[in-house]
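Numbering of residues begins at 1 and proceeds along the displayed sequence.
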Amino acid sequence: MTATATTAAAERNHRKVRQGTVISAAGDKTFVVEVKERKPHPVYGKMMTRVKKLHAHDEANAVGVGDIVTVMETRPISKLKRWRLVDIVEKAK
């Protein structure tokens, strides 16, 4: 997490911040982020990878497929969009 994401989260009442890879940027001002989380299984202890797809808002249409971005939880913007772009960590090559 970057320093700007941390300070933005502190100013906005400790909203959830996630980092992931953009898998789709087809919509206007909308993109889809794939967030991977590794957790141990509660009973067996085997490490499992959980994948979530988050729909996020990008006012400037700045992200592209393959970018690594930081998103923050926000008020509902549309039917699926509950996240907004905070920072582009790394542009795709």
Side-chain angles (χ1 to χ4, degrees):
M1 237 173 19
T2 62
T4 57
T6 309
T7 56
E11 293 171 8
R12 296 223 174 236
N13 302 328
H14 303 290
R15 294 181 182 183
K16 295 175 188 171
V17 177
R18 301 286 185 261
Q19 186 169 339
T21 307
V22 177
I23 57 172
S24 172
D28 183 34
K29 298 184 181 180
T30 303
F31 63 97
V32 181
V33 182
E34 182 179 66
V35 177
K36 293 183 180 179
E37 181 182 21
R38 289 184 51 84
K39 293 177 107 176
H41 188 278
V43 175
Y44 301 113
K46 178 181 177 178
M47 291 302 288
M48 298 171 43
T49 303
R50 300 274 177 140
V51 178
K52 287 268 192 183
K53 289 184 355 180
L54 308 175
H55 294 255
H57 182 71
D58 176 19
E59 189 64 36
N61 280 329
V63 298
V65 176
D67 293 353
I68 298 174
V69 296
T70 304
V71 293
M72 180 183 290
E73 194 174 36
T74 187
R75 65 179 175 80
I77 297 171
S78 69
K79 179 181 173 183
L80 296 174
K81 290 198 308 193
R82 304 293 192 266
W83 298 81
R84 64 180 176 81
L85 177 68
V86 174
D87 188 27
I88 300 175
V89 177
E90 183 181 326
K91 293 293 276 183
K93 296 179 173 137

- Looking only at heavy atoms, the pair that brings Ala92 and Gly66 closest together is CB-C, 3.6 Å

- Side-chain heavy-atom pair Val33, Arg18 within 4.5 angstrom cut-off: no

- Message: Please find the pair of heavy atoms, one from Trp83 and one from Ile77, that lie closest to each other, and give the distance.
- Response: O-CD1, 4.3 Å

- Query: Got Lys36 and Arg38 here, is their nearest side-chain heavy-atom distance under 4.5 Å?
  - Reply: no

- Message: I need the Arg50 CZ to Lys39 NZ distance, nearest 0.5 Å.
- Response: 7.0 Å

- Note on the structure: Between the CD atom in Glu90 and the CD atom in Gln19, the distance rounded to the nearest 0.5 Å is 9.5 Å

- Message: To check you understand the geometry: which heavy-atom pair defines the closest contact between Leu85 and Val71, and what is its length?
- Response: CA-CG1, 4.4 Å

- Item | ring pair (Phe, Tyr, Trp, His ring centres under 6.0 Å) contacts in which one or both residues fall within residues 21-59, not counting sequence neighbours | His41-Tyr44

- Query: Between atom CD of Glu37 and atom CE of Met48, what is the distance when rounded to the nearest 0.5 Å?
  - Reply: 10.5 Å

- Do you reckon Val35 sits in the same ILVMFWY cluster as Val22, going by side-chain contacts under 4.5 Å, direct or chained? yes

- Query: Do Leu54 and Ile88 belong to the same hydrophobic cluster, where Ile, Leu, Val, Met, Phe, Trp and Tyr are linked whenever their side-chain heavy atoms lie under 4.5 Å apart, directly or via other members?
  - Reply: yes

- Residue pair Val63 / Asp58: nearest heavy atoms and the distance that separates them: N-OD2, 3.2 Å

- Query: Under 4.0 Å between a Lys/Arg side-chain N and an Asp/Glu carboxylate O for Glu59 and Lys29?
  - Reply: yes

